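First the structure, in the form of structure tokens, and then the observations on it.
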Amino acid sequence: MRWNSGVSSQVVNKIGSKITLRGKRANQFHQYNPNGIEEMDTSQKFDIPPGVPTCLVPFDKVWEEQFWATVSYYELNTRVGEQVKVSSTTITIDGFTDPCINGSKISLGLFSNVNRNATIENTRRHIGNGVKLTYVRSNGSLFAQCESDSAIFVQSSNCNYINGFHSTTVVKIANKCSLKIFDMEIFRQLLEDCSRRGFDASFDLQKMTFIRMSFVKGWGAEYQRQDVTSTPCWIEIHLHAPLAWLDRVLSTMGPTPRPISSIS
């Protein structure tokens, strides 16, 4: 990875052990341009591998679905407002109060909560320009760019797998820096492998289809907050295409071999 000398070395780090993404780990990311933003490769495409069970409905119908994600906003352990389905390939989630519904912005300042405490109120004031999400439909990649003056914190097991981190690692992204937080090619490879190992292994991949992201306040080993539900403001992103693909694979399999009863 090529780092801009004007960007802090703590731009993207592994929470819990202060591993800065340099050397071998850094090379697993796409190259950064002089503005400190990861360049997005939109050329790579792929087909369903022979080893993955499929249905009669072609996969490209899922891939071209209008809505590619559902975004939910939380304050502590409470979901606030309605879930928002996303269709625009670029969407900004900020802390302002834009009432216009144009499909390319979600303003968290519009979401009301009568149980909101002073810490949440103060955090919301610092979200600012928030985060810009860019979805590349041609290959299913998702990028997050921090537009806020305060950092954002991302937990993506797909991103963690790429970089050899523990699946629950939280990654910090500083202002004006970008990171690929989901790679469909990696998901494809894992799904192909897990489909050969049965229902349980495949079902566990559903954890890779959602991404958690907090604003301003982080969580994990180096923070006083150990769980995302302890952070004042955070979102959860559910990715439709991998969920639909996983659903089709699971529907071709038998039930889990693990026994269960009504009294267990």
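On a predicted model such as this, the values are computed, not experimentally measured, just so you know. The figures that follow rest on heavy atoms only: side chains count, while hydrogens, waters and symmetry mates do not.
- A side-chain donor-acceptor contact under 3.5 Å links Asn160 to the backbone of Thr169.
- Residues Val249 and Ser195 share a closest heavy-atom pair of CG1-CB, 4.1 Å.
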- Message: Working note: Val170 + Val154, criterion side chain to side chain contact (heavy atoms under 4.5 Å, CB included); need CA distance, chi angles, decisive distance, verdict.
- Response: CA-CA 5 Å; Val170 177; Val154 179; over 6 Å; no
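- Atom-to-atom distance recorded for Lys132:NZ and Ser104:OG is 11.0 Å, nearest 0.5 angstrom.
- The aromatic rings of Trp68 and Tyr135 lie parallel to each other, with less than 30° between the two planes, well short of the 60° mark.
- Both Ile181 and Ile162 are part of a single hydrophobic cluster, where members link through side-chain heavy atoms under 4.5 Å apart.
- Phe96 and Met213 sit in two unconnected hydrophobic clusters of ILVMFWY residues. Membership requires side-chain heavy atoms under 4.5 Å apart, directly or through other members.
- Between Lys180 and Asp183 there is a salt bridge, with a side-chain nitrogen of the basic residue lying less than 4.0 Å from a carboxylate oxygen of the acidic one.
- Between Ser107 atom OG and Tyr73 atom OH the span is 12.0 Å, to the nearest 0.5 Å.
- In this structure, a donor-acceptor pair under 3.5 Å is absent between the side chains of Thr209 and His238.
- Checking side-chain atoms of Gln155 against main-chain N and O of Thr168 turns up a donor-acceptor pair under 3.5 Å.
- Residues satisfying the ring pair (Phe, Tyr, Trp, His ring centres under 6.0 Å) criterion with Phe203, sequence neighbours excluded, are Phe199.
- A donor atom on one side chain and an acceptor atom on the other are found under 3.5 Å apart for Ser72 and Gln83.
- The neighbour count for Glu82 CD, taken as heavy atoms of other residues, nucleotides or ligands under 6.0 Å away, does not exceed 12.
- Side-chain contact check for His126 versus Asp149: every heavy-atom pair is 4.5 Å or farther apart.
- Side-chain contact check for Leu76 versus Asn117: some heavy-atom pair is nearer than 4.5 Å.
- Residues Val71 and Ile106 have side chains in contact (heavy-atom distance under 4.5 Å, counting atoms from C-beta outward).
- Taken to the nearest 0.5 Å, the CD1 atom of Ile152 stands 7.0 Å off from the CZ atom of Phe215.
- Expressed to the nearest 0.5 Å, how far CZ of Phe67 lies from OG of Ser87 amounts to 5.5 Å.
- No side-chain donor-acceptor contact under 3.5 Å links Glu222 to the backbone of Trp219.
- Between Leu239 and Phe182, some side-chain heavy-atom pair lies under the 4.5 Å cut-off.
- Linking Ile, Leu, Val, Met, Phe, Trp and Tyr whenever their side-chain heavy atoms come within less than 4.5 Å puts Trp245 and Leu205 in one cluster.
- Contact check for His240 versus Thr70: side-chain heavy atoms found under the 4.5 Å cut-off.
- Using a 3.5 Å distance cut-off with no hydrogens or angles, the side chains of Asn158 and Ser156 do not pair a donor with an acceptor.
- Side-chain atoms of Ile93 and Leu108, non-hydrogen and from C-beta on, do get closer than 4.5 Å to each other.
- In terms of heavy-atom proximity, Ile173 sits nearest to Ala144 at CD1-O, 4.4 Å.
- For Phe153 against Lys172, the heavy-atom pair with the smallest separation is CE2-CG, 3.7 Å.
- Looking at Ile237 and Leu133, their side chains come closer than 4.5 Å, going by heavy atoms from C-beta outward.
- Of the inter-residue distances, the one linking Met184 atom CE with Asn139 atom CG reads 9.0 Å to the nearest 0.5 angstrom.
- Between the side chain of Asp193 and the main chain of Gln189, no donor-acceptor pair closer than 3.5 Å is present.
- The closest donor-acceptor contact from the side chain of Arg225 to the backbone of Ser230 lies under 3.5 Å.
- Listed for the Ser202 side chain is a donor-acceptor partner under 3.5 Å among the backbone atoms of Cys194.
- If you take CG on Leu110 and NZ on Lys105, they are separated by 10.0 Å, rounding to the nearest 0.5 Å.
- Note on Val84: it clusters hydrophobically with Val131, by side-chain heavy-atom contacts below 4.5 Å among ILVMFWY residues.
- Gln226 contributes a side-chain N or O that, together with a main-chain N or O of Gly220, makes up a donor-acceptor pair within less than 3.5 Å.
- Within the 4.5 Å cutoff, side-chain heavy atoms of Leu142 are placed close to those of Ile211.
- Between Tyr74 and Trp234, the two ring planes are parallel [angle under 30°; tilted spans 30° to 60°].
- Of all heavy-atom pairs spanning Arg116 and Val80, the tightest one is NH2-CG1, 4.3 Å.
- Without hydrogens or angle criteria, Ser148 side chain to Ser150 main chain gives a donor-acceptor distance under 3.5 Å.
- Here the shortest heavy-atom pairing between Thr231 and Gly218 reads CG2-O, 3.9 Å.
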- Task: Run the numbers on Arg124 and Glu75 for salt bridge (charged side-chain N to carboxylate O under 4.0 Å, His left out), then give the verdict.
- Result: CA-CA 10 Å; Arg124 283 165 58 84; Glu75 293 175 356; 3.3 Å; yes
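- Of all non-hydrogen atoms in Asn129 and Glu147, the two that sit nearest each other are CB-O, 3.4 Å.
- Clustering ILVMFWY residues whenever any of their side-chain heavy atoms sit less than 4.5 angstrom apart, transitively, puts Leu191 in a cluster other than the one holding Phe210.
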- Query: Going through the checks in order, is the side chain to side chain contact (heavy atoms under 4.5 Å, CB included) test met by Phe143 and Leu179?
  - Reply: CA-CA 6 Å; Phe143 294 80; Leu179 177 69; over 6 Å; no
- Audit row: Asp227, Thr229, side-chain hydrogen bond (donor to acceptor under 3.5 Å, both in side chains) steps and yes/no: CA-CA 5 Å; Asp227 190 83; Thr229 57; 2.6 Å; yes
